[in-house]
Visitor: 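Can you read through this structure? Questions will come right after.
Worth saying up front: this structure is predicted, and the values here are computed from it rather than measured. Residue numbers start from 1 in every chain, and the chains themselves are labelled A, B, ... in the order their sequence lines are given, proteins ahead of strands.
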Number of protein chains: 2
Amino acid sequence: MRSALEGHTDSGARDRDLTTRARVRDAAITVFGEQGFGTGVRAVAAAAGVSPGLVNHHFGSKDGLREACDEHVLALIRAAKTEALTRPSATGLLQQLADVEEYAPLVAYLVRSYQAGGELAQHLFEHIVVTTEQYLSDGVAAGTLRPSRDPAARARYLAMQSLGSTLLFLQMRGERGGPVDWGRAIRELTDGIMLPALELYTEGLFTDSTFLDAVVDQRAGTEGDTTHHYSDHRENR
Amino acid sequence: MRSALEGHTDSGARDRDLTTRARVRDAAITVFGEQGFGTGVRAVAAAAGVSPGLVNHHFGSKDGLREACDEHVLALIRAAKTEALTRPSATGLLQQLADVEEYAPLVAYLVRSYQAGGELAQHLFEHIVVTTEQYLSDGVAAGTLRPSRDPAARARYLAMQSLGSTLLFLQMRGERGGPVDWGRAIRELTDGIMLPALELYTEGLFTDSTFLDAVVDQRAGTEGDTTHHYSDHRENR
DNA sequence: CACTCGATTGAACGCCTGTTTAATCTATTG
DNA sequence: CAATAGATTAAACAGGCGTTCAATCGAGTG
């Protein structure tokens with residue numbers, strides 16, 4: 001005899017009528033997000049309104065609970081993929097998530113996941129990289145973005161900068177006790193970086209291209225196979 | 001009767017002839033850096049070759065030990081300030097630190113500090129921000145860097161991007177067990193981002209300035225006091 | 001030499017952790 | 001209705017944690 005919703009994707013269900021297993025899992029995501037993965041099984045059980053022994057009965061161990069949380073979070077994000085993951089920057093992605101009321105605890109959980117490392121963080125980062133690469137490629141094709149000598153490296157670089165700075169900001173913002181309004185925090189972040197980011201993206205930082213020229217020349221000399229050179233690239237001054 | 005080196009800045013001393021207190025502190029920095037702040041007092045004591053009770057005799061509690069480590073790390077970085085902290089980017093700073101054999105454990109400890117939050121992380125970040133602002137200001141004065149409509153915001157933005165992406169890279173690189181060669185890791189990071197970073201810094205990303213113009217116009221309309229506008233800023237295409 | 005004070009140790013004390021176990025409750029099946 | 005299987009609970013277990021305490025060591029002082 002199998003349990004009612006075993007194996008189901010219960011994303012559409014509302015708050016109250018969930019499997020106990022699902023309620024424990026969701027409580028764990030919230031508690032882990034708010035207080036970190038060091039939080040004990042008993043705290044999770046209390047938040048879910050069940051006994052400590054039950055969580056191990058459903059998930060085997062604390063690691064099993066953690067894995068179930070990771071899988072569920074990844075599934076939720078992939079479900080919201082159409083709108084959220086098409087955004088180019090990590091800030092845009094997290095903003096999108098934090099604005100939807102139901103997904104708010106996910107942001108805290110994701111920040112914790114990156115702090116703690118693990119597969120979810122790496123997997124999600126690689127996903128952001130390929131999404132960014134596609135977005136940049138589209139922009140180049142449309143003529144709104146400049147082409148790069150190494151599009152893959154540029155996508156990884158921009159994704160790393162965006163996600164890294166966002167996480168750094170959220171960690172620092174979230175470290176002083178009490179629950180955080182992630183939507184508001186990300187909005188503040190966006191406000192603060194909007195101007196300098198656009199300045200950098202449209203005007204650059206250097207007044208001449210000597211640094212870039214040096215690296216391009218050096219690469220053309222040492223490794224002639226991996227990099228595409230199109231030396232007809234337009235100078236910007 | 002006071003102990004021999006109590007209150008001294010023993011930065012110049014070599015490995016063996018240190019106060020026991022200093023040896024425990026250094027062992028703690030290493031162990032915390034390698035295994036995180038969750039590591040027990042007993043492990044630190046074992047690494048220092050002393051009994052668990054002794055560390056609390058010298059530092060009062062584990063929190064006291066942590067504070068002593070933070071203070072010492074901050075002191076070490078400030079001592080190396082002349083060379084290290086004048087670098088504009090966080091990558092440069094950490095590269096500088098990781099290359100000096102003696103400071104290698106510091107990098108791991110710093111990464112852990114940022115993961116865990118706390119005063120050291122915030123304090124160091126603010127220090128990087130003001131250093132970056134000074135560096136950018138010098139570059140603008142020398143004519144090698146473009147001026148910004150909001151130099152403080154640009155400095156904070158660039159510092160956040162640099163430090164954030166570096167930390168993200170190092171966390172992901174360092175999460176698979178065993179000690180990490182931080183110098184090599186940072187060098188790989190530098191290699192990977194060099195080209196796209198210089199591309200972005202000299203040529204920008206957008207082909208026109210419509211996005212930037214929109215934000216600049218909007219800011220000029222809503223808030224006329226905090227931002228300096230010099231509308232004679234040069235367009236780059 | 002006797003004394004004293006800090007360094008140092010090993011063991012102990014609660015406390016909290018993850019996990020296990022036996023018993024109870026619930027509800028579906030034959 | 002009786003039986004059975006799963007959900008659920010309270011309690012206990014072993015282990016690690018930070019911390020404390022009494023005892024020992026070692027050297028400098030009167």
Visitor: Output a table of nitrogen or oxygen pairs between the protein and nucleotides 17-22 of chain D separated by less than 3.5 Å.
Guide:
{"unit_1": "dG18(D)", "atom_1": "OP1", "unit_2": "K62(B)", "atom_2": "NZ", "d": "2.7"}
{"unit_1": "dG18(D)", "atom_1": "OP2", "unit_2": "V41(B)", "atom_2": "N", "d": "2.8"}
{"unit_1": "dG18(D)", "atom_1": "N7", "unit_2": "R42(B)", "atom_2": "NH1", "d": "2.9"}
{"unit_1": "dG18(D)", "atom_1": "O6", "unit_2": "R42(B)", "atom_2": "NH2", "d": "2.7"}
{"unit_1": "dT19(D)", "atom_1": "OP2", "unit_2": "K62(B)", "atom_2": "N", "d": "2.7"}

Visitor: Would you kindly give the CZ-to-C1' distance between R23(B) and dT8(C), to the nearest whole Å?
Guide: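 That distance rounds to 12 Å.
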Visitor: Under the rule for side chain to side chain donor-acceptor pair (under 3.5 Å), what residues qualify as partners of D70(B), not counting sequence neighbours?
Guide: Y109(B)
Visitor: In this structure, how many angstroms lie between the P atom of dA7(D) and the CG atom of L54(A), rounded?
Guide: 9 Å
Visitor: Side chain to side chain donor-acceptor pair (under 3.5 Å) with E126(B): which residues, sequence neighbours excluded?
Guide: R156(B)
Visitor: Identify every side-chain donor-acceptor pair in residues 61-69 of chain B under 3.5 Å, counting partners at least two apart or on other chains, and give the distances.
Guide:
{"unit_1": "S61(B)", "atom_1": "OG", "unit_2": "D63(B)", "atom_2": "N", "d": "3.4"}
{"unit_1": "S61(B)", "atom_1": "OG", "unit_2": "G64(B)", "atom_2": "N", "d": "3.2"}
{"unit_1": "K62(B)", "atom_1": "NZ", "unit_2": "F37(B)", "atom_2": "O", "d": "3.0"}
{"unit_1": "K62(B)", "atom_1": "NZ", "unit_2": "T39(B)", "atom_2": "O", "d": "3.0"}

Visitor: Give the rounded distance in Å between these two atoms: CZ of F59(A) and P of dA7(D).
Guide: 12 Å
Visitor: For V140(A), enumerate each residue passing the side chain to side chain contact (heavy atoms under 4.5 Å, CB included) test, keeping only those at least two apart in sequence or located in another chain.
Guide: L145(A), P147(A), R154(A)
Visitor: Nucleotides 24-27 of chain C: which of its N/O atoms have a protein N/O under 3.5 Å away?
Guide:
none

Visitor: How would you list all residue pairs meeting salt bridge (charged side-chain N to carboxylate O under 4.0 Å, His left out) that involve residues 110-125 of chain B, not counting sequence neighbours?
Guide: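 Every candidate salt bridge (charged side-chain N to carboxylate O under 4.0 Å, His left out) pair involving residues 110-125 of chain B fails, so no pair, neighbours aside, qualifies.
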Visitor: Show me the pairs that pass salt bridge (charged side-chain N to carboxylate O under 4.0 Å, His left out) and involve residues 33-51 of chain A, at least two apart or across chains.
Guide: none
Visitor: With a 3.5 Å cut-off and no angle check, do the side chains of H72(B) and R25(B) form a donor-acceptor pair?
Guide: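 Judged by distance alone, the side chains do pair up.
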Visitor: Expressed as a whole number of angstroms, how long is the span from H58(A):NE2 to dA7(D):C1'?
Guide: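 In whole Å, dA7(D) C1' and H58(A) NE2 are 6 Å from each other.
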Visitor: Taking only residues two or more places apart in sequence, or in another chain, which ones meet R184(B) in a side chain to side chain contact (heavy atoms under 4.5 Å, CB included)?
Guide: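 Side chain to side chain contact (heavy atoms under 4.5 Å, CB included) check on R184(B) returns D181(B), R187(B), E188(B).
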